Each structure stands twice: as structure tokens, then as C-alpha cells.
Amino acid sequence: MSSITEKSAPVRSKELTVRGHLLRHTLTLAGRNLTKLRTSPQIVIFSALQPIIMMLMFMVLFAGAVAGSQEEYLQFLLPGMLAQNAAFMVTTVGQAINSDIDKGIFDRFRSLPIARSAPLVAHILGDLPRQAAATVVILVFGVCVGFRLHTDPLSVLLAVLIVLLVSFSLSWIALTIGLIADKPESVNMLVMIVLFPMAFGSNTMVATETLPGWLQAWAKINPVTHLSDAVRGLLSGPTSGVGSSIGTTTLACAVVMAVFVPLAVRSYARRI
């Protein structure tokens, strides 16, 4: 019995060592992406500028038809834009990893004694600060132009975190496409083709019941719809009914990752 214990101890020690190496390598490579953000802060500015422009445009064009006033429509629109932007922000992840492969940087990674999956996770973790900053900038801008928070700070923080959770899970879709695509120029188009129906086939800009019947069926099962419902409840209240939306959104994230994490790892193994 003691011999079995002695044999299993080195195995457990080796597993812990491998996990420790993976974490250290991942954080080191993620720091490389953070360096890019520090040297190029315009990346964060541009990430927030596009949804802000879209939000202002939709306020001017649709406020009268949808809600009667811009102030009232902004209360509905801003949470939807945060949810929609969770899908749009991930395109840079696919572009970045494809660019690294195209420039031969991954050949350098392959020659280094690092965990093979570390560059994949590092690209996503390294992009999360940009996504978080863009989400906060959009929210702050919305408050400056008239959006009113009717919940507590903890609910607001939870709204930001649930948006980042969706971005994290959808990043694996963009990452998989980035590993499959031949050139960085084609990644953005391919990611948009996949995520565009999710971003716009939802209740981000108009209520679900105002959509055509066939589109309502899609919107009701669309994770972005449940995300926007959760964010609206967490920002505008009441918060009593958002538990179901948060649960559905979290389940959708788990399903996306269960499908695309293995696909990304397999595509990465084939690509390198």
C-alpha cells in the first residue's frame, strides 16, 4: 500500500508543476498584450468610440419611433449596446492570433519551452483589460448623456462582469476563426459573419415583441438577448427578475466554451 502511495506522489507533483508552468507562461504572454495596450492607448479609445457613435446615431434615428424621447430610449438602448458590444469586441482576438501566426511569432513560441496552450489563453486574457476599459467608458459616457442608474454599485459591477464573461466565451469563437483563416484581413469578415446575427438578431435596440415572428423565435434563444435583459435589470432595475437571465447567459457561455475551446486547441495543434 505504501509503495502505491509513493508512486502516486511524484505523479501529483508533476501535474502541479505542469499547471504551475501553464499559469506562469500564460500570464507572461498575456503581459505582452498588456504592453501593447500601454504603448497604444488609442486601441481602447477606438474600441469604445464605435459603439458610442452607434448609440448616439440610434438615439437620434429611433428614439421617436421606439420610445417617444431620447432620454427614455437611452434607458433601453445603453444596456443593449453593452450587450451588443460584447460580441463585437472579440474580433481583435482572432486578428491578433492570426497576425502572430502570419508573422512567424508562433514559430518562435513553438521553439520555446512553454506550455503549448499558453499562447491561446494569453491572447484572450491579455485582451480582457481592453474589453473592460471599453465597457466602462461606454457606461460612463451613457451616464454623462443622460442614462440613469437605478440600482446599487454591486449590481452595476455585476453587469460589467457578465458582459466580460460573454466576451470571454465569444473570444474562443474569434480565436478559432483566427486559427483557421489564412490571412488577418479575412478574420474580421469571418467573425462578423458568425456574430452579426447574434448581435443584431436580439432585443438590444428594440423590444423582442416588436420583431417579426420568425425573428422573435431566434431572439428568444439568442444569448445576446438574455445578456441585454440581465444588464438592463442590473443597471435600471428591478433586479429581482434578472436571476433567470443571468443563469441562461452563464449556461450559454459554458456551452460556447465547451464547443469552441476544444476546436481552438485542435486548430492550434494543426496550424503549428
Side-chain angles (χ1 to χ4, degrees), residues 50-51 53-55 57-59 61-67 72-94 131 134-135 138 158-178 180-181 186-236 241-264:
Q50 179 180 352
I53 293 174
M54 290 180 62
M55 181 173 64
M57 181 179 66
F58 291 144
M59 282 178 57
L61 294 177
F62 299 144
V66 176
E72 185 177 351
Y73 185 50
L74 180 61
Q75 292 296 127
F76 181 89
L77 178 63
L78 177 60
M81 292 303 301
L82 291 175
Q84 188 181 89
N85 201 46
F88 288 154
M89 285 191 296
V90 304
T91 56
T92 57
V93 177
Q131 298 174 3
T135 301
I138 296 168
L158 183 57
V160 174
L161 292 178
I162 195 71
V163 169
L164 294 179
L165 174 63
V166 172
S167 290
F168 179 84
S169 63
L170 295 182
S171 292
W172 287 98
I173 299 179
L175 195 71
T176 303
I177 294 175
I180 296 174
S186 62
V187 174
N188 184 60
M189 179 182 63
L190 294 173
V191 173
M192 291 301 293
I193 289 175
V194 174
L195 297 182
F196 196 87
M198 294 179 61
F200 283 97
S202 62
N203 65 351
T204 54
M205 291 178 289
V206 295
T208 305
E209 56 269 18
T210 64
L211 300 172
W214 62 270
L215 189 54
Q216 284 189 35
W218 163 246
K220 289 177 181 179
I221 63 173
N222 188 347
V224 176
T225 295
H226 296 287
L227 174 60
S228 61
D229 287 340
V231 175
R232 285 192 183 103
L234 290 170
L235 295 182
S236 300
V242 302
S244 176
S245 297
I246 293 176
T248 304
T249 302
T250 304
L251 178 61
C253 291
V255 171
V256 169
M257 292 183 64
V259 173
F260 283 94
V261 170
L263 285 177

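Since this is a predicted model, take the numbers as computed values, not measurements.
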* Contact summary for T225 and A219, nearest pair of heavy atoms -> OG1-O, 2.7 Å
* Indicate the ring-plane relationship of F76 and Y73, choosing parallel, tilted or perpendicular according to the 30° and 60° boundaries. => parallel
* Kindly compute the distance separating CG (L78) from CG (L82), expressed to the nearest 0.5 Å. => 5.0 Å
* Can you list every side chain to side chain donor-acceptor pair (under 3.5 Å) pair that touches residues 187-197, not counting sequence neighbours? -> none
* Provide the closest heavy-atom pair for A264 versus L175 in the form atom of the first, atom of the second, distance. => CB-CD2, 4.3 Å
* Asked: Nearest 0.5 Å, what's the CE-CE distance between M205 and M55?
  -> 13.0 Å
* Identify, with sequence neighbours excluded, every residue that meets side-chain contact (heavy atoms from CB on, under 4.5 Å) alongside M54. => Q50, F58, M81, Q84, F200
* Write down the atom of V242, the atom of G233, and the distance for their closest heavy-atom approach. => CG1-CA, 3.3 Å
* To do: For residues I138 and P51, report the shortest heavy-atom separation together with the two atoms involved.
  => CD1-CG, 3.3 Å
* Test V90 against Q131 for side chain to side chain contact (heavy atoms under 4.5 Å, CB included), laying out the working first. => CA-CA 8 Å; V90 304; Q131 298 174 3; 4.3 Å; yes
* **Qualifying ring pair (Phe, Tyr, Trp, His ring centres under 6.0 Å) pairs, either residue in residues 201-231, two or more places apart** => none
* Asked: What pair of heavy atoms forms the shortest contact from P223 to T249, and how long is it?
  -> O-OG1, 4.3 Å
* Structure fact -> CE of M59 to CG of L74, rounded to nearest 0.5 Å, is 5.0 Å
* **Any side-chain donor near an acceptor of the partner, S228 and N203, under 3.5 Å** => yes
* **Residue pair L165 / I162, side-chain heavy-atom distance below 4.5 Å** => yes
* Euclidean distance, L77 CG relative to T204 OG1, rounded to 0.5 Å -> 8.0 Å
* Asked: Of all residues at least two apart in sequence or in a different chain, which pass the side-chain contact (heavy atoms from CB on, under 4.5 Å) check with A159?
  -> V231, L234, L235
Check: residues 191-198 side-chain donor-acceptor pairs under 3.5 Å, at least two apart:
none

* Give, for atom CG of L170 and atom CE of M89, the distance between the pair rounded to the nearest 0.5 Å. => 9.5 Å
* Structure fact -> Distance col, row L190:CG vs I173:CD1, nearest 0.5 angstrom, shows 13.0 Å
* **Partners meeting side-chain contact (heavy atoms from CB on, under 4.5 Å) with T210 (sequence neighbours left out)** => V206, A207
* To do: Could you pull out all residues at least two apart from T92 that satisfy side-chain contact (heavy atoms from CB on, under 4.5 Å)?
  => Q95, D127, R130
* So, for S202 and V224, which heavy atoms are closest and what is the spacing to 0.1 Å? -> OG-CG1, 3.8 Å
* To do: Could you name each residue pair satisfying salt bridge (Lys or Arg N to Asp or Glu O under 4.0 Å) that touches residues 223-234, not counting sequence neighbours?
  => D229-R232
